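Quick notes on the structure that follows.
Computed from a predicted model, the values in this text were never measured in an experiment. Both ligands and their constituent atoms are indexed starting at 1 by order of listing. When a residue number appears, it is its place in the shown sequence, counting from 1. Values reported hereafter were calculated over all heavy atoms of this structure, with side chains retained and with hydrogens, waters and symmetry mates removed.
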Amino acid sequence: MANSAELTVDGKSFSFPTLEGSEHEKAFDISSLRDQTGYVTLDRGYKNTGATQSGITFLDGEEGILRYRGYSIEDLASKATFLEVSYLLIYGELPTAEQYETFVNSIRRHTLVNEDMRKIFDGFPVNAHPMCVLASLVSAMSAFYPDSHEGNGNTDQHIIRLLAKLPTIATWSYKRSLGHPTNYPKNNLDYIPNFLNMMFALPVEEYKVDPVVAEALNVLLILHADHEQNCSTSTVRLVGSSQANIYSSISAGIQALWGPLHGGANQEVIEMLEDIKADGGDVGKYIDMAKNAKTTGFRLFGFGHRVYKNFDPRAKIIKKAADDVLNKLGVNDPVLEIAKGLEEAALNDPYFVQRKLYPNVDFYSGIIYRALGIPTNMFTVMFAIGRLPGWIAQWKEMREQKEPIGRPRQIYTGATLREFVPLENR
Ligand code: CMC
């Protein structure tokens, strides 16, 4: 490829280096653009902006490829555990047996949450959305581990704490919404069974983790574990670039994930499918509403993706998993049929075909969560538990690369200088 690009502005020519990633994506390095030309770029939503150079996740939206540290998502989802994938993302290589044991055991030993955090939790209204509670309590963790912002302390220790405590905190909201006592973690259980036990065990009866449920959750968490520079991950990196501590940065990522156009879409999907069912299952009506989004304001949640323009490889795995899990658990969920009908109708409709709108990871994930007994308002929390190792890996990489503080420019369109008018004259 050419190793420089020429730009002509106001009759003058400027040269900018180009660069190429290990998977051949090409970029203009415009770091010196403003200094050289006096111009900045305008790229709403950063559709054409590479914010960083990263060695963590590769995705090719045209080919539907997703890889963590070079390993295909298909391989990882079928062969690895979520904590193996977490280690891979955070430390760059699959762990050896010894490294894995140390990692898993450290996480096991840090699952308890400081009892004083309970007092903060108790101050939330009973019906508080669990994403709000999660983000707030993760933010509060920096108060309990002040070395995280006093020189940043031992990062590996904070990483273990986050991975260990997020599932514990996540289950609190659900338990309280039912009026049930919260469960303490049980360190003889593996990561996912421990989470399921905290979610579903009751003091009055024995709870046995169903391996089908644990396996399905393992796959879902792996599929969500990282997705390069998406909205929440960019948020984590941007917040962390000011040297904010890891807890504050991850808390900001959780808030960004909550939005319905990002991770919050999984809750929206199920609510939309339920609405369609209650409305007689007329899929065509909703397809028409989505096609007229400009007047109806309605979008098909779980459809479309900023980067995938052919198919979302995660959605393929999830669609198959949804069939398998529902079969194995003997669950007959009528919204699965509605979802399939909606997908088929959309994939055959020129509006969706022309705009390259395909089901994304969130389209079928809610159906599986529901079959596993996870309530709708916890879906995005599940996404956050899955995405946590990706956020951590990206935060760590950003720090290790000593990235400068994130500070975009703007094209100012407001009023030009005007004279102040005293209150009595306005
Ligand atoms: N239903 C109907 N029309 C859509 C949809 C949709 N879900 N998504 C995009 N469009 C249309 C949009 O109206 C626009 O049409 P036109 O060119 O006529 O104005 C065109 O497709 C391009 O849309 P866009 O908003 O410019 O596309 P984007 O790449 O900026 O947005 C998106 C990507 C994911 C925000 C969007 O597709 C969307 O809102 N989808 C629904 C929410 C959703 O499922 N989000 C989960 C994303 S995957 C999980 C994650 O990683 O967060």
Checklist entry - Which ligand 1 atoms does Gly302 reach within 4.0 Å, using its non-hydrogen atoms? => result 43 (C), 44 (O)
Checklist entry - Are His305 and Phe363 close enough that their ring centres sit under 6.0 Å apart? => result no
Checklist entry - Relative to the heavy atoms of Ala265, which atoms of ligand 1 are at a distance of less than 4.0 Å? => result 43 (C), 44 (O), 45 (N), 46 (C)
Checklist entry - Under the 6.0 Å and 45° cation-pi test, does Arg161 pair with Phe144? => result no
Checklist outcome for this item: Any heavy atom of Lys291 under 4.0 Å from ligand 1? The part involved is neither
Checklist entry - Is there a nitrogen or oxygen of His262 sitting under 3.5 Å from a nitrogen or oxygen of ligand 1? => result yes
Next on the checklist: Applying a heavy-atom cut-off of 4.0 Å, say which part of Leu261 lies close to ligand 1: side chain, backbone, both or neither.
Outcome noted: both
Item to check | Residue Arg306 vicinity, atoms of ligand 1 by number, heavy atom under 4.0 Å | outcome: 28 (P), 29 (O), 30 (O), 33 (C)
Checklist entry - Do the side chain of Asn194 and the main chain of Pro185 share a donor and acceptor less than 3.5 angstrom apart? => result no
Item to check | Element-labelled atoms of ligand 1 that are located less than 4.0 Å from some non-hydrogen atom of Val361 | outcome: 49 (C)
Checklist entry - Which of the numbered atoms in ligand 1 are below 4.0 angstrom from a heavy atom of Gly263? => result 52 (O)
Checklist entry - When you look at Tyr286 and Asp275, which way does the side chain to side chain donor-acceptor pair (under 3.5 Å) test go after all the steps? => result CA-CA 10 Å; Tyr286 287 81; Asp275 285 348; 6.0 Å; no
Checklist entry - Taking only heavy atoms of Phe301, which atoms of ligand 1 are found under 4.0 Å from at least one of them? => result 42 (C), 44 (O)
Next on the checklist: Using side-chain contact (heavy atoms from CB on, under 4.5 Å), reason through Tyr369 and Ile270 one step at a time and then give a plain yes or no.
Outcome noted: CA-CA 10 Å; Tyr369 288 138; Ile270 283 288; over 6 Å; no
Checklist entry - Got a donor-acceptor contact below 3.5 angstrom from the Asp362 side chain to the Gly302 backbone? => result no
Checklist entry - Is Thr233 reaching over with its side chain to a backbone N or O of Gln229, donor-acceptor style, under 3.5 angstrom? => result no
Checklist entry - What part of Tyr351 sits under 4.0 Å from ligand 1 if we count only heavy atoms: the side chain, the backbone, both or neither? => result side chain
Item to check | Asn183 side-chain N/O to Asn197 backbone N/O, donor-acceptor pair under 3.5 Å | outcome: yes
Checklist entry - How close does the nearest protein non-hydrogen atom get to atom 7 (N) of ligand 1, and which residue and atom is it? => result Leu300 O, 2.7 Å
Checklist entry - Which atoms of ligand 1 are found less than 4.0 Å from any heavy atom of Lys294? => result 16 (P), 18 (O), 19 (O)
Checklist entry - Taking the six-membered ring of Phe301 as reference, does the NZ or CZ atom of Arg299 fall below 6.0 Å from its centre and within a 45° cone about the axis? => result no
Next on the checklist: Checking a contact table here: which protein heavy atom is nearest atom 10 (N) of ligand 1, and how many Å away?
Outcome noted: Leu357 CD1, 3.6 Å
Checklist entry - Is the backbone of Val40 close enough, under 3.5 Å, to the side chain of Arg409 for a donor and an acceptor to pair up by distance? => result no
Next on the checklist: Need the ligand 1 atom indices (1-based, order shown) with element for anything under 4.0 Å from a heavy-atom of Lys309.
Outcome noted: 29 (O)
Checklist entry - Counting only heavy atoms on the protein side, is anything nearer than 4.0 Å to atom 22 (C) of ligand 1? => result no
Checklist entry - Given Lys47, Arg314, Arg299, which one has a non-hydrogen atom that is nearest to atom 32 (C) of ligand 1? => result Arg299
